[in-house]
Amino acid sequence: MSGLEFIMAARAFPGERQAARAATLQIGRRIINRELVGVAGVNDAFIPGEQVYAHSDVAGHGAGFIEHVWTHEGVEVARHYMPIGDDRRWRTWSRHRLEVGAYTVELYGPDGRRMAVRNFFVGSVAGH
């Protein structure tokens, strides 16, 4: 991944002021109006070659950087650093093109602690 591709693969946007501590992480197909859409379901699984997004919603964890760490079959394949501020809710995302196998996406806070994790599997597609 080139430097420009790396920068273009992750985003962070401030939202409304929020003091409560919160962190969520979801995986889906698209970002529309800074929100995730297209979460995989039982009959609508992610497929090889598909680009998916890890979307975080973070508040109350202090200013600094959060990280999305993508692993495929236990090997780190991407690490995205996204800035967040101290006094607002932040929605951030990174993206990755999928291959067949098991994935884990972890969300780490500015203090280095893991705040959320998502696991999913990408199966092969008949005829590919």
Side-chain angles (χ1 to χ4, degrees):
M1 180 179 280
S2 75
L4 181 58
E5 289 173 322
F6 176 80
I7 290 169
M8 297 303 292
R11 298 281 186 271
F13 292 94
E16 64 274 0
R17 292 190 183 280
Q18 185 170 337
R21 205 167 186 174
T24 62
L25 175 64
Q26 294 180 306
I27 310 298
R29 290 190 163 87
R30 288 179 301 284
I31 303 291
I32 298 177
N33 294 326
R34 300 182 183 151
E35 296 294 336
L36 184 72
V37 295
V39 176
V42 174
N43 297 320
D44 189 22
F46 295 130
I47 59 172
E50 184 173 18
Q51 180 170 270
V52 299
Y53 294 81
H55 182 275
S56 298
D57 196 329
V58 179
H61 289 276
F65 289 85
I66 63 167
E67 298 175 56
H68 283 175
V69 179
W70 294 75
T71 58
H72 175 249
E73 297 294 324
V75 176
E76 185 176 314
V77 293
R79 183 178 292 257
H80 300 276
Y81 298 92
M82 295 152 289
I84 62 168
D86 198 18
D87 62 343
R88 296 187 183 271
R89 170 182 166 231
W90 289 78
R91 291 170 288 177
T92 67
W93 60 87
S94 61
R95 65 183 180 206
H96 189 75
R97 189 155 314 273
L98 301 175
E99 298 176 19
V100 172
Y103 278 88
T104 299
V105 181
E106 296 171 290
L107 169 63
Y108 289 93
D111 61 1
R113 283 192 264 173
R114 187 168 78 173
M115 298 190 295
V117 62
R118 291 289 174 261
N119 298 299
F120 60 98
F121 186 81
V122 178
S124 61
V125 177
H128 288 262

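Treat the numbers as computed from the prediction; the structure is a model and nothing was measured. When a residue number appears, it is its place in the shown sequence, counting from 1.
- Checked against salt bridge (charged side-chain N to carboxylate O under 4.0 Å, His left out), E35 has the following partners two or more places apart in sequence or in another chain: R89, R91.
- Evaluation of the side-chain contact (heavy atoms from CB on, under 4.5 Å) rule for V77 yields W70, H72, H96 as partners, not counting sequence neighbours.
- By the rule that hydrophobic residues join a cluster once side-chain heavy atoms approach within less than 4.5 Å of another member, F121 and I47 end up as members of separate clusters.
- One finds the NE2 atom of H68 at 12.0 Å from the OH atom of Y108 (value rounded to the nearest 0.5 Å).
- Shortest non-hydrogen contact noted between V100 and P48 is CG2-CG, 3.4 Å.
- Checked by atom type and distance alone, the side chain of R118 pairs as donor or acceptor with a backbone atom of L25 at under 3.5 Å.
- Note on V69 and Y81: separate hydrophobic clusters, where clusters join Ile, Leu, Val, Met, Phe, Trp and Tyr whose side-chain heavy atoms are under 4.5 Å apart, directly or indirectly.
- Side chain of E67 to main chain of H80: no donor-acceptor pair is present (N/O by atom type, distance under 3.5 Å, no hydrogens or angles).
- Summarising the geometry, atom OG1 belonging to T71 is positioned 7.5 Å from atom CG belonging to N119; distances are rounded to the nearest 0.5 Å.
- Summarising the geometry of P110 relative to G64, their closest heavy-atom pair is CB-CA, 4.3 Å, with the distance given to 0.1 Å.
- For the salt bridge (charged side-chain N to carboxylate O under 4.0 Å, His left out) test, residues two or more places apart in sequence or in another chain that qualify with R114 are E106.
- Between V58 and H61 the shortest heavy-atom distance is CG1-CD2, 3.7 Å.
- Using a 4.5 Å heavy-atom threshold, the side chains of F46 and I27 count as touching.
- When V105, L36, L107, T24 are each tested for a side chain to side chain contact (heavy atoms under 4.5 Å, CB included) with S56, only one passes: L107.
- There is a path of hydrophobic side-chain contacts, each under 4.5 Å, that joins I84 to M115.
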